[in-house]
**Student:** 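Please find one structure pasted underneath; my questions will follow.
In this chain, numbering begins with 1 at the start of the sequence shown.
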Amino acid sequence: MKKAIASLVVLVSCCGLAAAQSGAKVCEAKKYGATGDGKTLDTIAIQKAIDDCAAKGAIVRLAGAAKFVSAPLILRSHTTLEVATGTTLEASSNHDDFPAIEVFREHGRQSLLSAKDAEDITIRGGGVIDGNGASWWVDPRQPRPRLIVFDHCKHVLMENITVQNSPMWQIVPYYSEDLTFRNMKVLAPEPEGHNTDGINPFSSKHILIEDVYIDTGDDNVAIKSGQPNSPGPDDPSEDITVRDCTFMKGHGLSVGSETAGGVHNVRVERVTFDGTTQGIRIKSGRDRGNDISDFVYKDLTMKNVGTAIQITDYYGGGATREGAAAVKQAAETRLTPHIHDITIENVKVTGAKMAMDLEGLPESPIRNLVLKNVQIDAAKGAKVYYTELSSQGVVVHAQTGEAITIGAGVKGELK
């Protein structure tokens, strides 16, 4: 019930915002001096349109089958940014246009679009927001800008838009709440697009990701909180719904690996995975964990994925070639992950490389994992360590080796 109410809050607030803006004033970027010629830096003109029109609750429109090139832009409260069909907002190719800043408690670069302590923001219009990230991908170790960041924001709607080619993560709600991402595409090439995650809620809550097509070079969605070795405090990510989406190449629907604030109340349903390296993926580690609980995955289809279901506490080191069986018990700390109350139901997988990888910690097993009607055809079977589970209607077909390998610390069985 709590999850259903959270989703309803998102829908009501965003629908109300759209209705309120139906008769809003329109501020055309070209009337503020933007050229849209694909060469001229239009930052000043577009920012002027945003600043001038924000107080009026207006729509800032980029239109005319044009390409508007820009350095970072700041979005304001009570504003809609509309990139019209056939129109592109593209990040400048000059790295110096993206100032070095502290972002998410680490060194980074300012994103193309950002909002801080703002509310009632909409991005829509049928066009494209392009991060022009290829020149950044050459050296993925350098600080790179994300593409769109909502920092401590409320009531955000993105719909009917394509977001692509970010230098790094593409869309990041950070310590934000009540956000909807609907009827849109998030794209980046693989393997060139290093760390080009699609949508990454970070210590955020009340989020709906619906009818989104994501084809990227890293996690399609990654739900995060905190950092490795975080001193705290860190807020959790919670009350997140992902439904009716299609995930192509990329690393699947991930929780983590950064989970120092915890992740709670996640519902995933009617999602198709096609060619992702993982399907369901919960990843944490002894240096980045907290309470990770109350997830429901239901009515999922996967084909040609790497690992269909992966729940591991060994991200960031600690595991060996022998897997969890060779890992010694350690003392629990503030950052020990506690993964529990996970239900996975009605999942059909064909053409996977590996069926399942379930590896809890000796000091903190995965608890109350429920598997119902899960059918997996894979090259390799499932391995399970330090997990307490119950199951019904689980069928694993492996082309080579054992279909299911039960290791140390397992309570329950797959049946």
Side-chain angles (χ1 to χ4, degrees), residues 140 169-170 186-200 212-224 242 245-259 266 268 271-285 295 297 299-324 339 342 344 346-360 366 369 371 374-385 387 394-405 407 414:
W169 302 347
Q170 309 231 35
V186 185
L187 310 173
E190 187 191 33
E192 297 89 350
H194 301 280
N195 307 120
T196 52
D197 300 33
I199 302 174
N200 286 8
V212 180
Y213 179 97
I214 304 180
D215 189 358
T216 63
D218 209 297
D219 294 320
N220 300 77
V221 167
I223 301 169
K224 301 175 178 289
V242 182
C245 294
T246 299
F247 296 159
M248 305 298 289
K249 69 178 186 300
H251 296 177
L253 201 165
S254 296
V255 173
S257 67
E258 304 93 328
T259 57
V266 175
V268 180
V271 174
T272 297
F273 301 80
D274 188 349
T276 57
T277 57
Q278 281 85 16
I280 295 170
R281 190 184 194 194
I282 302 172
K283 48 180 179 173
S284 190
F295 298 173
Y297 300 86
D299 301 330
L300 309 183
T301 301
M302 304 182 195
K303 59 181 180 180
N304 303 322
V305 302
T307 302
I309 301 172
Q310 182 181 55
I311 305 176
T312 177
D313 283 325
Y314 297 97
Y315 194 90
T320 70
R321 288 185 179 181
E322 291 77 22
I339 300 175
I342 311 293
I344 301 173
N346 297 340
V347 178
K348 185 174 180 60
V349 182
T350 57
K353 293 181 179 178
M354 184 173 185
M356 287 188 277
D357 175 21
L358 309 177
E359 299 189 71
I366 299 163
L369 173 64
L371 301 170
V374 176
Q375 302 177 36
I376 305 176
D377 289 323
K380 295 182 179 180
K383 61 178 181 179
V384 188
Y385 297 94
T387 299
V394 175
V395 179
V396 176
H397 293 294
Q399 295 177 16
T400 59
E402 296 291 330
I404 300 171
T405 300
L414 294 172

**Student:** Under the ring pair (Phe, Tyr, Trp, His ring centres under 6.0 Å) rule, collect the residues that match up with Phe273, sequence neighbours excluded.
**Tutor:** Phe247

**Student:** Roughly how far, to the nearest 0.5 Å, is NE2 of His251 from CD of Glu190?
**Tutor:** 5.0 Å

**Student:** Judged by atom type as modelled, is there a donor-acceptor pair below 3.5 Å linking the side chain of Tyr314 to the main-chain atoms of Gly360?
**Tutor:** yes

**Student:** Looking at residues at least two apart in the chain, or sitting in another chain, which of them share a side-chain hydrogen bond (donor to acceptor under 3.5 Å, both in side chains) with Gln170?
**Tutor:** none

**Student:** Nearest 0.5 Å, please: how far is OG1 in Thr312 from NZ in Lys383?
**Tutor:** 8.0 Å

**Student:** First locate atom CG of Leu300, then atom SG of Cys245, and finally report the distance between them rounded to the nearest 0.5 Å.
**Tutor:** 11.0 Å

**Student:** Could you tell me the separation between the CG atom of Asp313 and the OG1 atom of Thr259, rounded to the nearest 0.5 Å?
**Tutor:** 8.5 Å

**Student:** For Asp274, enumerate each residue passing the side-chain hydrogen bond (donor to acceptor under 3.5 Å, both in side chains) test, keeping only those at least two apart in sequence or located in another chain.
**Tutor:** none

**Student:** Taking only residues two or more places apart in sequence or in another chain, which ones pass side-chain hydrogen bond (donor to acceptor under 3.5 Å, both in side chains) with Ser254?
**Tutor:** Asp219

**Student:** Ignoring hydrogens and geometry, is there a side-chain-to-backbone donor-acceptor pair from Asn220 to Gly252 under 3.5 Å?
**Tutor:** yes

**Student:** Do you know the tightest heavy-atom contact between Ile376 and Ala308?
**Tutor:** CD1-CB, 4.3 Å

**Student:** Report the residues that fulfil side-chain hydrogen bond (donor to acceptor under 3.5 Å, both in side chains) with Lys249, sequence neighbours left out, ordered by chain and then residue number.
**Tutor:** Asp215

**Student:** Which heavy atom of Ala398 sits nearest a heavy atom of Gly381, and at what distance?
**Tutor:** CB-N, 3.6 Å

**Student:** Are any non-hydrogen side-chain atoms of Leu358 and Ile309 less than 4.5 angstrom apart?
**Tutor:** yes

**Student:** With rounding to the nearest 0.5 angstrom, report the OG1 to CE distance, Thr276 to Met302.
**Tutor:** 7.0 Å

**Student:** Is the side chain of Thr196 donor-acceptor paired with the backbone N or O of His194 at a distance under 3.5 Å, no angle test?
**Tutor:** no

**Student:** Do the side chains of Tyr213 and Leu187 get nearer than 4.5 Å, heavy atoms only?
**Tutor:** yes

**Student:** For residues Gly256 and Ala222, report the shortest heavy-atom separation together with the two atoms involved.
**Tutor:** O-CB, 4.0 Å

**Student:** Drop me the distance from Ile366's CD1 to Ile311's CD1, to the nearest 0.5 angstrom.
**Tutor:** 5.0 Å

**Student:** Check the pair Ile282, Phe295 against side-chain contact (heavy atoms from CB on, under 4.5 Å), reporting the backbone distance first and the verdict last.
**Tutor:** CA-CA 10 Å; Ile282 302 172; Phe295 298 173; 3.6 Å; yes

**Student:** Quick one: does Val266's side chain get under 4.5 Å of Val242's, heavy atoms only?
**Tutor:** no

**Student:** More than 12 foreign heavy atoms under 6.0 Å from CD of Glu402: is that the case here?
**Tutor:** no

**Student:** Quick check: closest heavy atoms across Pro189 and Glu192, and the distance to 0.1 Å?
**Tutor:** CB-OE1, 3.6 Å

**Student:** Could you pull out all donor-acceptor pairs under 3.5 Å where a side-chain atom in residues 347-357 meets a protein atom, sequence neighbours excluded?
**Tutor:**
unit_1 : atom_1 : unit_2 : atom_2 : d
Asp357 : OD2    : Gln310 : NE2    : 3.1

